[in-house]
2 protein chains.
Amino acid sequence: MILRECFLRKRRFEAFQSSLGITRHLLAERLKKLVRFGVLRRVPYMESPKRYEYILTQKGLDLYPIIMSIVHWGNVHMVDSRGKPLLHEHKSCGKMFDPLMICSECGEPLNAKEVHTHPGPGARQALPEKKPAPSKKRSDRAA
Amino acid sequence: MILRECFLRKRRFEAFQSSLGITRHLLAERLKKLVRFGVLRRVPYMESPKRYEYILTQKGLDLYPIIMSIVHWGNVHMVDSRGKPLLHEHKSCGKMFDPLMICSECGEPLNAKEVHTHPGPGARQALPEKKPAPSKKRSDRAA
DNA sequence: GATTGACAGTTCTAAAATAGAACTTTAGGT
DNA sequence: ACCTAAAGTTCTATTTTAGAACTGTCAATC
């Protein structure tokens, strides 16, 4: 939710706090974490008293498709009779739009059933089993 | 993470538990919640002893773009030298791909700076202020 | 010149949520 | 008889979060 607000151009502590209703304590922690993760940058906008604002790094900006798809899901599945809570306008083409996820190779819209997943080179290994010895099988016992 | 596993075709309690390492208690709660929210359906696959599996509803399947974009973000920003943890193959075109989010109207890839957000008809009203009475101003006190 | 208000936090305690581990139930296998 | 599998439940200990008040620095106001 903090990130959603960031994409809505909110940048300051009080702004996040009042629009989210989150506790100040938690907000402070989350902001620290987001900065530590490199998603936000804490930049001073005023000296004495020192005041900071939080702005998205590139790593943070790259979260945009995630936020967009969440908002879109909400627009489809969490609506009441009144309609969508949030509309998006594409400045480049001037129209109200929905985000659409496509295949980078063929351009077709993606759906779960058409996709197969493979472990990549950076796949993390299966965790070392809690029961590493399947040695309980009688056949293994003797060995 | 439970949902990610769902999209990887995991459906059963033990399967989620062992691949996520989540506590069984928490897993049971989360699954209940996801069923309550209409994202998963709990369907018996065996009578006596009753055994259930959890499968995505349409509402759940519609979360796909969210999961995809999270995985993609991870592939870009959480990699070590080895490379991507997870690869996607598009069955329709046969190629390895990345998900790409575009504007439904003009087809151009989306980026945060090109989008303007408007409150829609279903926007929730601003919360009733905690300090509804700015009556602390002396001028109001007397009244 | 004392008070008020904005802003960005910090500090407390009480109330959830989660971790970690063992236990339960129904049934098949050996 | 004992073991295993599956899908949970139950328990205590630890962590997080909620909720509210407090701090410090400045500017503006009374």
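Because only heavy atoms are used, hydrogens play no part in the values below, and waters and symmetry mates are left out as well, while side chains stay in. Predicted, not measured: the structure shown is a model, and the values here were computed from it.
Looking only at atom types and distance, the side chain of B:Glu5 has a donor-acceptor partner in the side chain of B:Ser19 under 3.5 Å away. With no hydrogens or angles considered, no side-chain donor-acceptor pair links A:His25 and A:Thr23 at under 3.5 Å.
Toward the 5′ end of DNA chain D lies the nearest nucleotide of B:Leu31, the other residue of the pair A:Met46 and B:Leu31 mapping further downstream. Projected onto DNA chain D by closest heavy-atom contact, A:Lys33 and A:Pro49 fall at different nucleotides, the more 5' of which corresponds to A:Lys33.
The listed nucleotides are C:dG9, D:dT25, C:dA19; the one nearest the side chain of A:Tyr52 is C:dG9. Distance from the side chain of A:His25 is smallest to C:dC12 among C:dC12, C:dG9, C:dA27.
Across the protein-nucleic acid pair, B:Leu26 atom CG and C:dA16 atom P stand 17 Å apart, rounded to whole Å. Note: CD (A:Glu47) to P (D:dA27) measures 13 Å, nearest angstrom. Rounding to whole angstrom units, CZ of residue A:Arg30 and P of C:dT10 are separated by 15 Å. Rounded to whole angstrom, the span from the CZ atom of A:Arg24 across to the C1' atom of D:dA20 amounts to 11 Å. Atoms CD1 (B:Ile22) and C1' (C:dA19) sit 11 Å apart, rounded to a whole Å. Atom CD of B:Gln17 and atom P of C:dA22 are 14 Å apart (whole Å). A straight line from CZ of A:Arg51 to P of D:dA27 spans 11 Å, rounded to a whole angstrom. A straight line from CD of B:Glu29 to P of D:dT10 spans 12 Å, rounded to a whole angstrom.
Ring geometry, A:His116 versus A:His118: the interplanar angle exceeds 60°, so the pair is classed perpendicular (tilted spans 30 to 60°).
Residue A:Lys10 comes nearest to A:Phe16 through the heavy atom pair O-CZ, 3.6 Å, listed as atom of the first residue, atom of the second, then distance. Nearest heavy-atom pair, B:Leu86 versus A:Pro119, reported as atom, atom and distance to 0.1 Å: CD1-CA, 4.3 Å. Considering every non-hydrogen atom in both B:Met96 and A:Glu105, the closest pair reads O-CG, 3.2 Å. Of all non-hydrogen atoms in A:Pro99 and B:Leu110, the two that sit nearest each other are CB-CD1, 4.0 Å.
Residues from residues 4-15 of chain A placing a heavy atom under 4.0 Å of any atom in DNA chain C, listed by number, are A:Arg12, A:Phe13, A:Glu14. Within residues 35-45 of chain B, the residues that have a heavy atom under 4.0 Å from DNA chain D are, in order of number, B:Arg42, B:Tyr45.
Between A:Ser48 and the phosphate of D:dC26, there is a side-chain N or O to OP1/OP2 separation shorter than 4.0 Å. Within the 4.0 Å cut-off from OP1 or OP2 of D:dA6, not a single side-chain nitrogen or oxygen of B:Tyr54 is found. Contact annotation: B:Lys32 side-chain N/O to D:dT9 OP1/OP2 distance is under 4.0 Å.
B:Tyr45 does not carry B:Arg11 over the face of its six-membered ring by the limits of under 6.0 Å from the centre and within 45° of the normal.
Hydrophobic cluster membership is shared by B:Leu3 and A:Met78, with clusters built from Ile, Leu, Val, Met, Phe, Trp and Tyr side chains linked at under 4.5 angstrom.
Not a single donor-acceptor pair under 3.5 Å links the side chain of B:Lys95 to the backbone N or O of A:Cys103.
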